[in-house]
Amino acid sequence: YTAMATELSAAGHPSSRRKMLCAIGTAGIASLLTGTPQPSAALDMDAFISKELEVDKSKAEISDDAKTCKYAAPGQEKGDACVRAGMSIAGKNGGVNAYGQIDRGDYVRCKTSYPMINGQYVKT
């Protein structure tokens, strides 16, 4: 029983665990360093960089009318710019459009009259 207990306590000792983990880590690093990279697995950096530059360039080529339509305050100039750029003149969430107009619906003006009924004025 004692010989078995000593083996278990020696294997469970923190320094033996540390040594084992260091050995595994060293073996992993060594296998990474000694492996030869294959040309087909390498990233084509030139193609990647040129693609990213083209994406950035296309974002930078926004016309002045599009910029005005997107960022200017509502008014005649912004509305005309949106029409020239082919963008929508509708406002966000049904609000003010590019020309500065807002649709508040149809209003009916109430006409109040006070006819005399039974000798008293009644509001209708």
Side-chain angles (χ1 to χ4, degrees):
Y1 174 73
T2 13
M4 187 183 261
T6 359
E7 276 182 42
L8 287 175
S9 66
H13 195 269
S15 68
S16 65
R17 279 190 229 136
R18 190 176 302 129
K19 287 179 184 177
M20 181 182 69
L21 287 175
C22 285
I24 291 173
T26 306
I29 291 172
S31 69
L32 287 175
L33 293 177
T34 58
T36 57
Q38 297 180 7
S40 63
L43 179 63
D44 188 3
M45 289 302 290
D46 293 332
F48 176 74
I49 291 171
S50 65
K51 179 182 172 193
E52 289 299 314
L53 289 174
E54 285 181 26
V55 169
D56 288 342
K57 188 186 296 182
S58 67
K59 287 181 185 177
E61 295 176 4
I62 297 175
S63 70
D64 288 338
D65 285 333
K67 290 177 190 175
T68 302
C69 182
K70 203 168 188 181
Y71 301 113
Q76 185 69 36
E77 186 179 332
K78 179 177 180 174
D80 292 342
C82 289
V83 170
R84 284 191 303 267
M87 299 173 75
S88 172
I89 62 167
K92 292 182 182 176
N93 301 326
V96 178
N97 71 4
Y99 284 102
Q101 301 164 343
I102 188 165
D103 182 18
R104 293 192 173 111
D106 296 329
Y107 288 96
V108 178
R109 183 166 177 118
C110 297
K111 295 182 180 180
T112 307
S113 63
Y114 296 92
M116 186 176 273
I117 300 175
N118 296 332
Q120 294 183 344
Y121 290 104
V122 178
K123 181 178 179 181
T124 56

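Since this is a predicted model, take the numbers as computed values, not measurements.
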S88 versus C69, closest heavy-atom pair with distance: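 Between these two residues, the closest heavy atoms are O-SG, 4.3 Å.
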
Minimum heavy-atom distance between S50 and A47, given as atom pair plus value: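 Answer, listing the atom of S50 first, then A47: OG-O, 3.0 Å.
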
Listed partners of T112 passing side-chain hydrogen bond (donor to acceptor under 3.5 Å, both in side chains), at least two apart: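 side-chain hydrogen bond (donor to acceptor under 3.5 Å, both in side chains) list for T112, sorted by chain: empty.
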
Non-hydrogen side-chain atoms of Y99 and K78 separated by less than 4.5 Å: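 SC-SC contact between Y99 and K78 ruled out.
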
Non-hydrogen side-chain atoms of P74 and N97 separated by less than 4.5 Å: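 Counting from C-beta outward, P74 and N97 never come under 4.5 Å.
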
Short side-chain to backbone donor-acceptor contact, S113 and P115, under 3.5 Å: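 Between the backbone of P115 and the side chain of S113 there is no qualifying donor-acceptor contact (under 3.5 Å).
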
Backbone of A81 reached by a side-chain donor or acceptor of T68 within 3.5 Å: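 No, T68 side chain to A81 backbone: no donor-acceptor pair under 3.5 Å.
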
Hydrophobic cluster of Y71, others only, ordered by chain and residue number, side-chain cut-off 4.5 Å: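 Cluster partners of Y71: none, it stands alone.
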
Worked check of side-chain contact (heavy atoms from CB on, under 4.5 Å) between V122 and Y114: CA-CA 5 Å; V122 178; Y114 296 92; over 6 Å; no

D65 side, atom CG; M87 side, atom CE - distance, nearest 0.5 Å: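 Rounded to the nearest 0.5 Å, the CG-CE separation comes out at 10.0 Å.
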
